[in-house]
Participant: 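Sending over a structure as structure tokens; questions will come in a sec.
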Amino acid sequence: MIVEGIITTTNQDGSVNVTPLGPRVEQGWQQFILRPFQTSRTFANLVRTRQAVFHITDDVELLAAAAIDRLHHLPPLYPARSIEGHVLADACRWYALSVRSIDDSQPRAEIVADVVDHATQRDFFGFNRAKHAVVEAAILATRTAILPANDIVAQMSHLAVIIDKTGGEAEHRAFQLLREYVHEALATVVAHGVSAQRSTE
Ligand SMILES: Cc1cc2nc3c(=O)[nH]c(=O)nc-3n(C[C@H](O)[C@H](O)[C@H](O)COP(=O)(O)O)c2cc1C
């Protein structure tokens, strides 16, 4: 089964890269299969360092901003205790990962990573339709180059209703950020046939 969360990896200059990722959960949370596109910074960092920290969080505003590279300030982080990595201080749970194997035969790599340490920091908010709607909108935002523009616009309109009905302020801000990004990215696609996005899921 796939779980959506946020992965931190270390860039070549030592800075921290924060990115949403949807790995497969294996062996009762003792292993993950990460599936980053080879064009992503996350892939390059995983190949170079073979370490990462994967987080379960309900902070969809962070997830949205990280998905579209609009993270103007890094969230609070602290050094992981068992690997060279960084933990999001506000995440619900974290899993320190050590890469076991990398299959780069496809554009979307398959990286098997063992959980070498993990901890719970706080409770998960619980099911909330607006939070899930922001996750869906963030995925759409990273796919403006590969999905038909009409589909994206229709899906964003549907998600907007859920945000309005069930979201708090953070969900409204996150969705607005994504809506503006999608609007600009689709305008670029229509005008030039290319995408303004960083990479696609
Ligand atoms: C919920 C969610 C899950 C995602 N899962 C993946 C994934 O499994 N693999 C991937 O390549 N991109 C995935 N993406 C898209 C990346 O987050 C996005 O392309 C990002 O810009 C890549 O950043 P990076 O270059 O810093 O690694 C996901 C996005 C969201 C919002």
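Since this is a predicted model, take the numbers as computed values, not measurements. Side chains are part of it too, since the values below use all heavy atoms of this structure and drop only hydrogens, waters and symmetry mates. As the structure lists them, so they are numbered: ligands from 1, and atoms in each ligand from 1.
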Participant: Mind checking whether T19 contacts ligand 1 via backbone (N, CA, C, O), side chain (CB onward), both or neither, at a 4.0 Å heavy-atom cut-off?
Facilitator: side chain
Participant: For a quick check under 3.5 Å, do T57 and D59 share a side-chain donor-acceptor pair by atom type?
Facilitator: no
Participant: Under 4.5 Å between any side-chain heavy atoms of P107 and Q38, yes or no?
Facilitator: no
Participant: Name the option, out of I33, I6, T142, that contains the heavy atom nearest to atom 18 (C) of ligand 1.
Facilitator: T142
Participant: Answer with yes or no whether the side chains of Q106 and E110 bring together a donor and an acceptor at under 3.5 Å.
Facilitator: no
Participant: Under a 4.0 Å N-O cut-off, is there an ion pair linking E61 with R173?
Facilitator: yes
Participant: If you count the atoms of ligand 1 from 1 in the order shown, which ones are under 4.0 Å from a heavy atom of T42?
Facilitator: 24 (P), 27 (O)
Participant: Just jot down the ligand 1 atoms closer than 4.0 angstrom to any heavy atom of R35, in number order.
Facilitator: 7 (C), 8 (O), 9 (N), 10 (C), 11 (O)
Participant: Cut-off 3.5 Å, side chains only: do S15 and N11 have a donor facing an acceptor?
Facilitator: yes
Participant: Are any of the N or O atoms of A67 closer than 3.5 Å to those of ligand 1?
Facilitator: yes
Participant: Below 3.5 angstrom, do we get any N/O pair linking P20 and ligand 1?
Facilitator: yes
Participant: So that I can tick it off, tell me whether K131 and D58 are bridged by a salt bridge, with the cut-off set at under 4.0 angstrom between side-chain N and carboxylate O.
Facilitator: no
Participant: For F37, is at least one N or O under 3.5 Å away from an N or O on ligand 1?
Facilitator: yes
Participant: Within the 4.0 Å heavy-atom shell around N17, which atoms of ligand 1 are there?
Facilitator: 24 (P), 26 (O), 27 (O)
Participant: Looking only at N/O atoms, are G22 and ligand 1 under 3.5 Å apart anywhere?
Facilitator: yes
Participant: How about L88 and D90: do any of their side-chain heavy atoms sit closer than 4.5 Å?
Facilitator: no
Participant: Is E4 in polar range of ligand 1, meaning some N or O pair under 3.5 Å apart?
Facilitator: no
Participant: Looking at D123 and R93, is there a salt bridge between them, counting it only when a charged N and a carboxylate O are closer than 4.0 Å?
Facilitator: no
Participant: Relative to the heavy atoms of I139, which atoms of ligand 1 are at a distance of less than 4.0 Å?
Facilitator: 1 (C), 2 (C), 30 (C), 31 (C)
